[in-house]
Amino acid sequence: MKTYDIVIIGSGPGGYVAAIRAGQLGFKTALVEKYNTLGGTCLNVGCIPSKALLDSSHHYEDTLKHLDAHGIELSGEVTLNLEKMIARKAAVVEQTCAGVKFLMDKNKVEVFTGVGSFVSPTQIKITAADATEQLIETKYTIIATGSKPASLPFITLDKERVITSTEALKLKEVPKHLIVIGGGVIGLELGQVYSRLGAKVSVVEYTDSIIPTMDRGLGRELTKVLKKQGFDFYTGHQVKEVTREGATVTVKATTPKGEELSLQGDYCLVAVGRRPYTEGLNLEAAGVHKDDRGRVVVNDHLQTNVPNIYAIGDVVRGAMLAHKAEEEGVLVVEQLAGQKPHIDYNLIPGVVYTWPEVASVGKSEEQLKAEGVTYKVGQFAFRALGRARASMDTDGFVKILADTKTDEVLGVHIIGARAADMIAEAVTAMEFKASAEDIARISHAHPTFTEAVKEAALAATENRAIHS
């Protein structure tokens, strides 16, 4: 029987990054993945393919709507080749997954293809697709099996017309009317892909705001912008029924006034979040506990109730984010090496990759109010930036929340072009307990979008914004 220092089950961002770090630190490491490609949901049917389609659809929309304003005139008709767009997405995925395989080889991580399941706390059975089995032994195990799309109990996902994000990434036609159930990250991103390609998009959201886990100001602004792009929103609506007849899907929901809303489309994307995935692990054989939401229970060190078994990423509590899983994978491995790593979960940024992008870190206004923290607000609109006007990306703003007494930055919320990249400055500042004045006194290159961060910091510091 082969033996290892660390065995990691699941090769998503959490799992493969943990494997790389384990290899770097000299651990004899194995990675178990049930699919034939590495990278998990993120690389195969999540972050990477969705961003590839967002980028392609953005190019298409720019060509149709914006090139003329730049003095670029097309003499022929612009046509969409969806098959080619999907093929490019698949090529990006293939290249990225191959990169992970290269990194496993480089760091001497042995990869097993098959379903990993516990036989005991130290033994793992690997069942291949042809039903052959192999037993390996390990000193430590890291569970990194991620999550799967969630649904509602009364919805039948036929994966043809009533679909999840996985199927939405490989449609063979542009929907005429795409009904999206869920106004969160996944629904809005994929909704925007198909809206750009010509679909009518209707979003039905149970809460009274889209992106409800983020600062409400971001949700209001994104709603306004996406409505201009043609989205219809039905917030505060509770979906009651989803039925399909031929090529028609009907979604019925209860409005905030208790009335019935009925929408008909040719596709329905169910994007109501994700659920932890532990099927096939046989956690009972190892004695590992789960909570009432199906998550593996861990302590502050990401250690389960079985001392030599750890769990990270979407399968444990906290935000279901690839970069959160990566940080947790590194933390566990470095702990096993005797190091003292740490994660500040308050400073894990969240991003929505629509255009304009949305990014946030730290506390929202709603959280600060609930916690009774007195704070001040500095906000600066992108439309006041020279770079934004030059790029025709004037929607959105930067909002900085700072402690009234100490001026420490407590939260940064951005909606606008390049927000996903800009949020890193805010994370860095907050990791070092920066004040709003600290950011305000840092020189920002001109003309850039990040000048909006400086201006928002100035606005939070005695209302000193220069350009508004």
Side-chain angles (χ1 to χ4, degrees), residues 45 47-96 159-163 165-180 186-203 222-233 246-249 263-269 271 352-358 382-383 387-396 415-420 449:
V45 291
C47 319
I48 301 304
S50 63
K51 300 326 164 262
L53 288 182
L54 279 163
D55 195 63
S56 293
S57 62
H58 198 166
H59 285 303
Y60 178 70
E61 183 181 52
D62 272 350
T63 302
L64 286 179
K65 298 180 179 180
H66 302 139
L67 290 189
D68 186 66
H70 290 278
I72 303 170
E73 298 177 355
L74 299 175
S75 57
E77 182 183 358
V78 177
T79 58
L80 171 67
N81 187 330
L82 182 62
E83 183 179 357
K84 193 170 184 178
M85 187 178 287
I86 297 292
R88 188 193 82 88
K89 177 265 300 181
V92 171
V93 169
E94 183 179 355
Q95 293 162 10
T96 309
K159 299 188 178 182
E160 294 176 350
R161 296 280 173 177
V162 183
I163 60 176
S165 57
T166 300
E167 294 77 46
L169 292 167
K170 52 186 178 183
L171 293 182
K172 298 187 184 306
E173 63 178 355
V174 176
K176 297 178 183 66
H177 182 193
L178 175 64
I179 303 169
V180 180
I186 297 169
L188 296 178
E189 289 182 358
L190 291 173
Q192 190 172 57
V193 166
Y194 288 106
S195 172
R196 289 167 172 167
L197 301 182
K200 172 181 171 60
V201 177
S202 299
V203 178
L222 186 59
T223 298
K224 182 178 72 176
V225 174
L226 292 180
K227 278 184 175 180
K228 287 193 297 183
Q229 295 178 9
F231 277 62
D232 287 335
F233 289 101
T248 301
V249 180
L263 297 173
Q264 286 191 330
D266 52 341
Y267 288 89
C268 175
L269 168 60
V352 187
Y353 292 90
T354 50
W355 198 264
E357 293 175 335
V358 184
F382 273 79
R383 64 178 177 272
R387 176 59 191 272
R389 288 193 294 273
S391 301
M392 295 177 64
D393 285 308
T394 55
D395 289 320
I415 175 169
R418 316 294 180 199
F449 290 108

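Everything numeric here is computed off the predicted structure, so don't read it as measured data.
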Asker: Test side chain to side chain contact (heavy atoms under 4.5 Å, CB included) on I179 and L269; report intermediate values, then the result.
Answerer: CA-CA 6 Å; I179 303 169; L269 168 60; over 6 Å; no
Asker: By side chain to side chain contact (heavy atoms under 4.5 Å, CB included), which residues pair with A87, not counting sequence neighbours?
Answerer: none
Asker: Tell me every residue that passes side-chain hydrogen bond (donor to acceptor under 3.5 Å, both in side chains) with T394, counting only those two or more places apart in sequence or in another chain.
Answerer: none
Asker: First locate atom CG of D232, then atom CG of L226, and finally report the distance between them rounded to the nearest 0.5 Å.
Answerer: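 Taking CG in D232 and CG in L226, the distance rounds to 11.5 Å.
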Asker: List for me each residue that meets side-chain hydrogen bond (donor to acceptor under 3.5 Å, both in side chains) alongside D266, sequence neighbours excluded, and say none if there are none.
Answerer: none
Asker: Under the salt bridge (charged side-chain N to carboxylate O under 4.0 Å, His left out) test, which residues partner R418, sequence neighbours left out?
Answerer: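 None.
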Asker: Listed by chain and number, what are the side-chain hydrogen bond (donor to acceptor under 3.5 Å, both in side chains) partners of K170, not counting sequence neighbours?
Answerer: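 Once residues adjacent in sequence are excluded, K170 has no partner under the side-chain hydrogen bond (donor to acceptor under 3.5 Å, both in side chains) criterion.
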Asker: Return each pair, listed once, that meets salt bridge (charged side-chain N to carboxylate O under 4.0 Å, His left out) where at least one residue sits in residues 67-95; pairs must be two or more places apart or across chains.
Answerer: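 Listed once each, the pairs would be none.
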Asker: Write out all pairs satisfying salt bridge (charged side-chain N to carboxylate O under 4.0 Å, His left out) with one or both partners inside residues 50-65, taking only residues at least two apart or from two chains.
Answerer: K51-E189, E61-K65, E61-R196
Asker: Would you please name every residue forming a side chain to side chain contact (heavy atoms under 4.5 Å, CB included) with K227, sequence neighbours left out?
Answerer: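 K227 satisfies side chain to side chain contact (heavy atoms under 4.5 Å, CB included) with T223, F233 once adjacent residues are dropped.
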Asker: Could you pull out all residues at least two apart from E167 that satisfy side chain to side chain contact (heavy atoms under 4.5 Å, CB included)?
Answerer: K159, I163, T164
Asker: Please enumerate all residues that pass ring-ring contact (aromatic ring centres under 6.0 Å, His included) together with H58, with sequence neighbours excluded.
Answerer: W355
Asker: Who pairs with Y267 by side-chain hydrogen bond (donor to acceptor under 3.5 Å, both in side chains), at least two apart in sequence or on another chain?
Answerer: E173
Asker: Among residues at least two apart in sequence or on other chains, which ones pass salt bridge (charged side-chain N to carboxylate O under 4.0 Å, His left out) with D395?
Answerer: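 With sequence neighbours excluded, D395 shows a salt bridge (charged side-chain N to carboxylate O under 4.0 Å, His left out) to K228, given in chain and number order.
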